[in-house]
Number of protein chains: 2
Amino acid sequence: MLMQNFNHSNAQGLPRTIPNRPGGAIEFLGMPKNFPCNAEIYGECEPAEYLYKIVSGTVKTYRVRIDGRRQIGGFYLPGDIFGVEVGEEHTFSAEAISDCQVLLINRRVIMARAACEPAVARELWALFGHESERMQHHILLLIRNAQERVASFLLEMAGPISKGSNIIKLPMTRRDIADYLGLTIETVCRTFANLEATAAIEVHSHRQIVLRNRSALRRLNG
Amino acid sequence: MLMQNFNHSNAQGLPRTIPNRPGGAIEFLGMPKNFPCNAEIYGECEPAEYLYKIVSGTVKTYRVRIDGRRQIGGFYLPGDIFGVEVGEEHTFSAEAISDCQVLLINRRVIMARAACEPAVARELWALFGHESERMQHHILLLIRNAQERVASFLLEMAGPISKGSNIIKLPMTRRDIADYLGLTIETVCRTFANLEATAAIEVHSHRQIVLRNRSALRRLNG
DNA sequence: CGATAATTTGATTTTTCTCAAGACGCGTGG
DNA sequence: CCACGCGTCTTGAGAAAAATCAAATTATCG
């Protein structure tokens with residue numbers, strides 16, 4: 001394992017808690033489980049038994065196409081819930097990209113609870129809304145050019161400005177970023193270099209980026 | 001109104017009915033309404049009062065970004081349900097691209113029914129699953145090259161092979177297609193021309209395409 | 001039939017990809 | 001502690017894809 005371990009959700013290592021993020025009532029039903037970096041959490045087409053809430057670490061979801069190209073569905077940080085499916089099977093695979101602790105929440109149990117507890121039902125509803133927003137955001141991302149995609153990605157990873165520092169620790173590889181943004185590794189690298197040249201960011205090390213000019217990034221973000 | 005009116009969902013003008021497509025029990029609660037071509041059905045950020053089921057005609061949903069670029073969310077044909085939202089507001093605008101008849105189904109009524117009728121609840125669930133699939137498909141579309149995107153679009157519009165003829169009537173403009181695929185109009189035109197040159201399709205008229213070689217398109221579709 | 005909008009085609013520029021080489025970081029074993 | 005090896009990352013040069021700008025053609029509607 002050559003990869004450095006990250007257990008931070010952001011610069012502070014604190015769970016990011018977006019206002020109205022769902023998951024409050026549901027998570028008490030979960031049992032914790034640990035996954036080492038690179039462990040598969042579930043595979044595409046497996047039955048969706050659980051919802052997963054991240055306590056620490058980072059997870060990616062992805063699909064591999066027949067021709068070998070890979071699409072990253074999303075990156076999930078502490079506080080995020082992944083594995084949300086409407087159907088009975090997972091449509092993506094999920095893999096830890098750092099050592100992780102995750103709460104496993106049984107889907108059947110949740111569904112049963114939702115039937116009698118309106119609060120649980122509302123939360124479940126909100127989870128779908130959240131996933132839906134995530135996908136719409138991803139679609140809007142993919143119709144833009146490389147600079148705009150990278151800027152959007154960095155702002156997404158940085159979280160809200162209220163969360164403090166501008167130092168982003170990236171737990172994922174350049175390949176993961178490229179496959180999330182629908183670009184090649186080289187284009188991601190060059191775009192980082194461009195953004196650095198225009199003083200919007202600073203590439204401190206491979207895995208650590210400093211935001212120097214958020215409004216420039218936001219301007220790109222559209 | 002310079003645009004020709006289309007009231008077909010596909011070559012046959014029949015509602016396309018994908019197996020397991022939801023909407024059976026819900027639609028009886030709807031009241032029909034007609035929209036002329038180019039009429040706005042609802043706008044982004046308006047409260048989501050209704051679900052909409054298309055009886056005849058075609059509808060597009062879209063968003064306009066600050067910089068004026070437009071993203072088409074999807075095209076909806078007879079039998080399709082659009083306007084499905086988890087939140088209280090529409091995240092896209094909807095517009096008729098041909099004269100349309102649409103069933104308006106009150107959201108509150110549906111929600112109330114869902115609470116007591118499991119069949120309605122299941123259907124509502126399935127609607128979200130369907131929208132979710134649609135978005136995932138769109139994401140996978142946008143990471144491909146122009147030929148693959150256009151091929152995928154044509155196969156989508158043609159519907160399953162079982163539905164018979166290979167003649168596709170396109171109710172949308174080239175601009176709509178381009179904005180759906182994240183390409184320019186010119187690239188869409190040229191790709192049509194390329195596909196015609198390789199005998200995969202035949203551009204009969206602006207709005208009528210004949211599929212000459214589905215397996216070639218499917219090969220592109222990945 | 002003429003006006004207007006939509007579509008197609010061409011020439012050129014810009015963007016991104018591909019292929020290739022070199023640099024860097026990290027862990028291992030001497 | 002340092003050298004080595006391996007995988008990741010960066011940079012460069014050239015090719016390919018798509019966008020842009022411009023002009024010509026076709027469709028549609030009054």
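Atom set for the values below is all heavy atoms of this structure, side chains included, hydrogens, waters and symmetry mates excluded. Everything numeric here is computed off the predicted structure, so don't read it as measured data.
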Undergrad: I want to check a possible cation-pi pair here: Arg63(B) against Phe92(B), using under 6.0 Å from ring centre and within 45° of the ring axis as the test.
TA: yes
Undergrad: Using atom CD of Gln208(A) as one end and atom P of dC24(C) as the other, report the distance to the nearest whole Å.
TA: 18 Å
Undergrad: To the nearest Å, how far apart are Arg69(A) CZ and dT16(C) C1'?
TA: 14 Å
Undergrad: Would you mind building the protein contact string for nucleotides 9-19 of chain D? One character per nucleotide, 5' to 3', B for base within reach (heavy atoms under 4.0 Å), S for sugar-phosphate only, - for untouched.
TA: SBBBB----SS
Undergrad: If the condition is salt bridge (charged side-chain N to carboxylate O under 4.0 Å, His left out), which residues does Glu85(B) pass it with, not counting sequence neighbours?
TA: none
Undergrad: Given atom CG of Asn194(A) and atom P of dT16(C), what is their separation to the nearest angstrom?
TA: 10 Å
Undergrad: Return yes if some donor-acceptor pair links the side-chain N/O of Thr191(B) with the main-chain N/O of Thr187(B) below 3.5 Å, else return no.
TA: yes
Undergrad: Less than 6.0 angstrom from the centroid, inside 45 degrees of the normal: does Arg134(B) satisfy that with respect to the ring of Tyr76(B)?
TA: yes
Undergrad: Is there a side-chain contact between Lys60(B) and Glu95(B) (heavy atoms, below 4.5 Å)?
TA: yes
